[in-house]
Amino acid sequence: MAQSLSCRVGRAVLTGRWVSCVASRTLCTAGQQEPLTLKEQHDGIRRIILNNPKKRNALSLAMLASLRENIVTGVDSDDLRVIIISARGPVFSSGHDLKELTSTQGREYHTKVFGACSEVMTLIQDIPVPVIAMVNGVATAAGCQLVASCDIAVATEKSTFATPGINVGLFCSTPGVALGRAVPRKVAMEMLFTGQPISAHDALRHGLLSRVVADEASLEEAVVAMAGRVCQASRPVVAMGKAAFQRQMAQGRDAAYATASRVMVDNLALRDGQEGIRAFLEKRKPTWTNSMEKAHE
């Protein structure tokens with residue numbers, strides 16, 4: 001699956017106004033010195049930072065292409081275990097760049113923008129490693145969609161979330177896809193119809209967030225600790241579990257149980273599945289192979 005994902009993201013959706021910043025392995029505009037996203041990786045944890053605070057980290061077509069590249073580069077590597085997405089500045093992301101959505105750009109360009117955005121959001125859920133949103137500020141429209149699309153989301157108390165497109169005449173239909181799968185339907189509809197923001201604690205109560213912490217220092221500590229715990233698990237077991245969870249969530253109850261049961265049997269056939277059970281029975285820490293090697297058929 002990961003190989004097909006790499007093929008999906010290899011087709012960058014760019015126009016002639018953008019150039020590739022080869023040295024930084026990200027994308028930037030011709031007149032912009034700093035890359036739109038930053039990427040670093042240590043001890044299995046990849047950190048992707050939205051890096052355009054002057055434009056409220058808007059998810060422009062170039063920003064989406066850069067984010068996508070950062071997500072999928074080396075996604076098959078055993079060295080990658082978890083991804084953290086955060087942002088510089090007081091705004092996590094304000095959503096799409098409205099300058100790209102005027103009639104001047106035209107329907108074909110608009111189609112590229114929403115296609116690129118949808119691809120990034122689905123990739124986050126399709127790649128084999130967990131993705132954690134680390135939010136310290138405002139997340140609106142497609143920025144809120146990005147948070148809702150991540151597997152785990154942690155935010156500071158000051159953070160707020162909104163889908164305010166209705167206020168500028170553009171209903172947040174695509175953000176509603178992710179939002180409606182993260183929070184109860186009536187909560188999603190209130191956010192979509194009124195455009196009013198909700199607090200971090202309300203976002204936690206409704207299921208948009210996994211955890212709320214006091215401040216930026218607490219956010220860093222909590223997310224790094226969470227990512228570290230993910231790194232302690234077997235990579236193929238995590239990948240198998242994530243894929244199964246996403247698949248069964250789209251199914252009815254009986255089909256979901258059938259899917260989950262098959263996956264648990266397949267999981268038990270892995271050498272890492274058997275190693276974990278033996279380690280538990282022998283009261284020791286497991287030694288993972290982090291491979292798809294089979295213990296039995």
Side-chain angles (χ1 to χ4, degrees), residues 9 11-18 27 29 32 36-37 50-68 71 85 87-125 133 135 137-150 153 155 159-200 202-203 206-209:
V9 298
R11 303 184 298 273
V13 186
L14 297 175
T15 63
R17 73 182 64 190
W18 307 109
L27 299 171
T29 65
Q32 179 176 316
L36 291 172
T37 62
L50 306 184
N51 188 45
N52 196 10
K54 290 182 179 179
K55 291 195 174 181
R56 298 166 62 85
N57 292 312
L59 296 180
S60 63
L61 194 54
M63 175 73 91
L64 288 165
S66 186
L67 178 58
R68 176 176 52 193
I71 290 171
I85 299 178
R88 284 184 57 207
V91 178
F92 177 78
S93 176
S94 60
H96 291 293
D97 185 346
L98 294 183
K99 291 181 179 178
E100 293 188 345
L101 304 183
T102 64
S103 295
T104 304
Q105 297 293 345
R107 188 180 187 90
E108 183 178 351
Y109 189 90
H110 297 162
T111 299
K112 287 181 179 179
V113 169
F114 292 110
C117 185
S118 297
E119 184 176 9
V120 167
M121 303 302 167
T122 55
L123 279 171
I124 286 171
Q125 297 180 340
V135 186
V138 178
T140 62
C144 184
Q145 179 184 2
L146 179 56
V147 175
S149 297
C150 289
S159 300
T160 59
F161 305 85
T163 48
I166 191 72
N167 297 327
V168 296
L170 182 64
F171 196 86
C172 284
S173 295
T174 45
V177 174
L179 183 66
R181 286 163 170 74
V183 305
R185 178 175 299 192
K186 286 182 171 57
V187 174
M189 295 304 283
E190 180 181 352
M191 292 178 68
L192 292 165
F193 284 132
T194 68
Q196 291 297 301
I198 63 172
S199 68
D202 280 345
H206 295 312
L208 181 60
L209 295 177

Backbone of [Y] reached by a side-chain donor or acceptor of [X] within 3.5 Å:
X	Y	result
Gln125	Ser149	yes
Ser66	Ala62	no
Asn57	Arg88	yes

Within the 4.5 Å heavy-atom criterion, are [X] and [Y] side-chain neighbours or not?
X	Y	value
Ile124	Ile85	yes
Phe171	Leu192	yes
Leu208	Cys144	yes
Ser93	Met63	no
Phe114	Leu101	yes
Leu146	Met121	yes
Tyr109	Leu61	yes
Thr140	Thr160	no

Taking every non-hydrogen atom, the tightest pair across [X] and [Y]:
X	Y	answer
Val177	Arg181	O-NH1, 3.2 Å
Phe92	Ala87	O-CB, 3.3 Å
Leu50	Thr37	CD2-CG2, 4.2 Å
Val147	Ala153	CG1-CB, 3.8 Å
Cys117	Ala142	SG-CB, 4.3 Å
His110	Gln105	NE2-CB, 3.8 Å

If you round to the nearest 0.5 Å, how far is [atom2] of [Y] from [atom1] of [X]?
X	Y	atom1	atom2	result
Glu190	Thr163	CD	OG1	10.0 Å
Gln145	His96	CD	NE2	6.0 Å
Arg68	Leu123	CZ	CG	7.5 Å
Leu179	Cys172	CG	SG	9.0 Å
Ile71	Glu119	CD1	CD	10.0 Å
Leu67	Asn51	CG	CG	12.5 Å

